[in-house]
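Report on the following structure.
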Amino acid sequence: MLKNLIKISVLLIFVIITPIILTGCKSKPKTDLEEIIKRDKIIFGVKNDTKPFGFEENGNLIGIDIDIARYITKSILGDGNKAEFKIVDSANRLVTLSSGDVDMVIASMSITPQRKTVINFSIPYHLAGQTILVRKESDIKSLTDLKNKKIVVVFGSTAEKNLRMVAPGATIVGTKSYTTAFEMLKSNQVEGMASDDTILNAFAQDGRYRILNKKYTIEPYAIGFRKSERSETLQERVDYILDEMKRNGQLKQIEQKWIK
Ligand code: GLU
């Protein structure tokens, strides 16, 4: 009798506990992609000061990076509105990604060998090149004219390092955002602003500024992922989506919408 009772109890425990353990294991996401699907939301690190990629207008985040993020979200979760955005700046993009606060970073970020040692990159989705924005009447015509001239760069951007290489005679001044960098140029605190042509072009729209003709670097923009096994399937999926956007003309359409 006692033996039977023990047998039944063991059987019952087995029948009840096993599914709980199995469900428990199954529901714990093993990859970033599984986690995203489970939470039904993708968290992107984006800019809010970098026109035309990520910027704010009337309290809304808009731009090329935001549109691409929404397209990716629609592809993965069926609804572009399931994208959530956290603001990053040029200097904290990699740390924010590594800390796990965001699933990926889409923030006008160039692929560089140094960054590649810390994070992984998707296939590129935009090609820019660095140049200098100056006031229209400035006597700066080429890189050689930058000697002893104050040029502003955004901390953590590729311009910070590149400018030092191509114009060692320039006096480089750093600031935190593209908004403050342009303010410094506008208020004559600096004589030029170094960054990617696409970004500088957006600032040059009002006709009082011009950009130097020559681009001195190649800046392939890509989406950043954590350098971990957990991120691999997410990156593969995003690469596939970006490739699809290139083939079906969506990427071109988004660029044409924002690049004037
Ligand atoms: N593409 C450059 C970079 O990744 C400049 C743009 C930016 O600062 O976001 O640093």
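In listed order, ligands and their atoms are each counted from 1.
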N/O to N/O below 3.5 Å, does that happen between [X] and ligand 1?
{"X": "Ser195", "value": "no"}
{"X": "Ser157", "value": "no"}
{"X": "Tyr178", "value": "yes"}
{"X": "Thr50", "value": "no"}

Side chains of Phe44 and Ile223: does their closest heavy-atom pair fall under 4.5 Å?
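They are not in side-chain contact.
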
Do Asn213 and Lys141 have side chains that approach each other closer than 4.5 Å (heavy atoms only, starting at C-beta)?
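No, their side chains stay 4.5 Å or more apart.
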
Relative to the heavy atoms of [X], which atoms of ligand 1 are at a distance of less than 4.0 Å?
{"X": "Ala107", "answer": "9 (O)"}
{"X": "Ser90", "answer": "7 (C), 8 (O), 9 (O)"}
{"X": "Ser110", "answer": "1 (N), 2 (C), 3 (C), 4 (O)"}
{"X": "Tyr221", "answer": "1 (N)"}
{"X": "Lys47", "answer": "7 (C), 8 (O), 9 (O)"}
{"X": "Arg115", "answer": "3 (C), 4 (O), 10 (O)"}
{"X": "Met109", "answer": "4 (O)"}

Do Tyr209 and Phe182 make the cut of ring centroids closer than 6.0 angstrom?
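Distance test on ring centres: under 6.0 Å, yes.
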
Applying a strict 4.0 Å limit to heavy atoms, is [X] in contact with ligand 1?
{"X": "Asp196", "value": "yes"}
{"X": "Ile199", "value": "yes"}
{"X": "His126", "value": "no"}

Select one of side chain, backbone, both or neither to describe which atoms of Ala128 lie under 4.0 Å from any atom of ligand 1, heavy atoms only.
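No part of Ala128 is near ligand 1 at this cut-off.
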
Would you kindly specify which portion of Arg93 sits under 4.0 Å from ligand 1, judged on non-hydrogen atoms: side chain, backbone, both or neither?
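Within the 4.0 Å criterion, Arg93 contacts ligand 1 through side-chain atoms alone.
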
Side-chain donor-acceptor pair present, [X], [Y], cut-off under 3.5 Å:
{"X": "Tyr125", "Y": "Asp65", "result": "yes"}
{"X": "Ser90", "Y": "Lys176", "result": "no"}
{"X": "Thr96", "Y": "Ser99", "result": "no"}
{"X": "Tyr240", "Y": "Gln235", "result": "no"}
{"X": "Gln130", "Y": "Thr158", "result": "yes"}

Give the residue and atom name of whichever protein heavy atom lies nearest to atom 10 (O) of ligand 1, and the separation in Å to one decimal.
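Here the closest protein heavy atom is Thr158 N, 2.8 Å.
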
Could you pull out the closest heavy-atom pair between Ser110 and Arg115, with the gap in Å?
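Looks like O-NH1, 2.9 Å.
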
Determine the sole option in Arg237, Lys227, Arg39, Arg230 for which the salt bridge (Lys or Arg N to Asp or Glu O under 4.0 Å) test with Asp32 is passed.
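It is Arg230, the one option of Arg237, Lys227, Arg39, Arg230 that forms the salt bridge (Lys or Arg N to Asp or Glu O under 4.0 Å) with Asp32.
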
So Glu183 and Tyr178, side-chain hydrogen bond (donor to acceptor under 3.5 Å, both in side chains) or not? Walk me through it.
CA-CA 8 Å; Glu183 284 302 321; Tyr178 284 94; over 6 Å; no

